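What follows is a short report on a single structure.
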Amino acid sequence: MFGSGNQEQDEGDGKQKLKDVDPPKDSEEIKDMIYDLLRNIKDPEKPNTLEELGVIYEDGIFIKAPTGGGVNVIRVEFNPTVPHCSLATLIGLCIRVKLQRDMPFPIKLNIFIKEGAHTTEHEINKQINDKERIAAAMENPNLREIVETCIKDED
């Protein structure tokens with residue numbers, strides 16, 4: 001559960017904390033917000049966005065029933081350009097990092113490759129939904145730089 005689009009500095013320890021932001025009640029509004037955040041992520045090896053390549057699409061975003069604590073449960077499905085795409089894990093990582101940073105309220109996020117769209121989708125789905133693997137990947141300076149470049153907002 002992350003969301004860090006609205007942060008403020010904590011006076012004591014230098015850590016950032018979330019402002020309390022109430023999520024929209026309308027799931028279509030949440031879906032639109034998520035799509036707007038994801039549509040401009042750049043492909044790691046092409047000059048196109050994930051939206052332009054058809055990797056991210058509006059019908060691949062699902063808003064599930066909130067948890068008992070009222071946290072919205074989001075499922076993002078994406079479609080790699082080819083069934084053997086070697087960058088599918090990296091694309092999933094970009095999606096996760098972008099939403100974790102930019103959602104203005106906490107979410108529970110599940111990311112999956114569209115069923116039947118990749119030869120190793122089950123293994124990749126497991127990787128991109130594993131907190132420890134995500135943290136380890138983002139500690140790698142080369143991977144972190146690629147992710148930052150892909151998710152950087154254009155001015």
Side-chain angles (χ1 to χ4, degrees), residues 1-10 15-81 85 87-118 121 124-139 143-155:
M1 284 181 278
F2 297 94
S4 54
N6 293 326
Q7 297 180 341
E8 59 186 24
Q9 199 72 22
D10 183 2
K15 292 183 181 176
Q16 295 191 341
K17 9 179 223 193
L18 292 173
K19 290 182 182 178
D20 292 325
V21 176
D22 290 330
K25 300 292 184 211
D26 179 15
S27 62
E28 282 303 311
E29 191 177 339
I30 296 170
K31 184 176 178 177
D32 290 344
M33 180 185 301
I34 290 168
Y35 186 70
D36 285 343
L37 288 171
L38 297 180
R39 63 189 299 195
N40 293 316
I41 294 174
K42 303 284 186 276
D43 183 86
E45 65 181 4
K46 296 181 176 137
N48 306 86
T49 66
L50 297 184
E51 177 188 47
E52 292 166 345
L53 295 170
V55 174
I56 292 292
Y57 44 94
E58 289 184 82
D59 290 340
I61 299 169
F62 305 91
I63 312 304
K64 306 288 186 176
T67 65
V71 175
N72 285 290
V73 179
I74 312 296
R75 177 187 169 109
V76 175
E77 178 181 278
F78 69 100
N79 188 18
T81 54
C85 177
L87 299 173
T89 305
L90 182 57
I91 290 169
L93 182 61
C94 290
I95 292 168
R96 179 168 297 282
V97 171
K98 180 71 172 172
L99 290 178
Q100 286 176 340
R101 284 189 186 168
D102 293 353
M103 285 300 287
F105 48 84
I107 59 172
K108 179 178 182 335
L109 180 60
N110 299 299
I111 301 172
F112 294 94
I113 291 177
K114 183 177 181 180
E115 190 171 341
H118 198 279
E121 68 188 72
I124 293 172
N125 289 342
K126 196 173 187 180
Q127 288 178 348
I128 60 180
N129 288 294
D130 183 304
K131 289 179 187 178
E132 287 80 20
R133 289 183 186 187
I134 297 296
M138 290 306 289
E139 287 177 9
L143 271 178
R144 187 174 56 245
E145 182 180 350
I146 294 168
V147 169
E148 296 296 345
T149 300
C150 291
I151 67 172
K152 184 176 134 190
D153 288 329
E154 294 298 317
D155 292 331

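In this text the structure is predicted, and so the values were computed from the model without any measurement.
Counting heavy atoms from C-beta outward, Asp43 and Glu45 have side chains that approach closer than 4.5 Å. You'll find the side chain of Pro66 reaches within 4.5 Å of the side chain of Asn72, heavy atoms only. Using a 4.5 Å heavy-atom cutoff, the side chains of Met103 and Ile34 are in contact. The shortest side-chain heavy-atom distance between Asn40 and Asp153 does not fall under the 4.5 Å cut-off. Put simply, the side chain of Ile63 does not reach to within 4.5 Å of the side chain of Glu28, judged on heavy atoms. For the pair Ile74/Phe62, no side-chain contact is recorded, criterion being any heavy-atom separation below 4.5 Å from C-beta on.
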side-chain contact (heavy atoms from CB on, under 4.5 Å) for Asp102 and Met33? Distances and angles first, verdict last.
CA-CA 10 Å; Asp102 293 353; Met33 180 185 301; over 6 Å; no
Residues Ile41, Ile91; criterion side-chain contact (heavy atoms from CB on, under 4.5 Å); working and verdict:
CA-CA 9 Å; Ile41 294 174; Ile91 290 169; over 6 Å; no
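Here the closest non-hydrogen pair linking Leu143 and Ala137 is CB-O, 3.6 Å. Between Ile151 and Arg101, the closest heavy-atom pair is CD1-NH1, 3.6 Å. Contact detail for Pro80 and Ala117: the closest heavy-atom pair is CD-CB, 4.2 Å.
Distance check: Lys126 NZ to Arg133 CZ gives 6.5 Å after rounding to the nearest 0.5 Å. One finds the CD atom of Glu77 at 12.0 Å from the CG atom of Asn110 (value rounded to the nearest 0.5 Å). Interatomic distance, Gln127 CD to Ile134 CD1, rounded to the nearest 0.5 Å: 8.5 Å. Distance CD/Glu51 to CD/Glu58: 7.5 Å, rounded to 0.5 Å. For the atom pair CG (Leu53) and CG (Asn48), the distance works out to 4.5 Å, reported to the nearest 0.5 Å. From Ile124, atom CD1 reaches atom CG of Asn129 across 11.5 Å, with rounding to the nearest 0.5 Å.
Classification of Asp32 and Arg39 as a salt-bridged pair fails, no side-chain N sitting under 4.0 Å from a carboxylate O.
The main-chain N or O of Glu121 is found under 3.5 Å from a side-chain atom of Asn125 such that the two form a donor-acceptor pair. A donor-acceptor contact shorter than 3.5 Å links the side chain of Arg96 to the backbone of Ile128.
A side-chain contact (heavy atoms from CB on, under 4.5 Å) with Val55 holds for exactly one of Thr49, Leu87, Leu50; it is Leu50.
Other residues, nucleotides and ligands place no more than 12 heavy atoms under 6.0 Å from the CD atom of Glu115.
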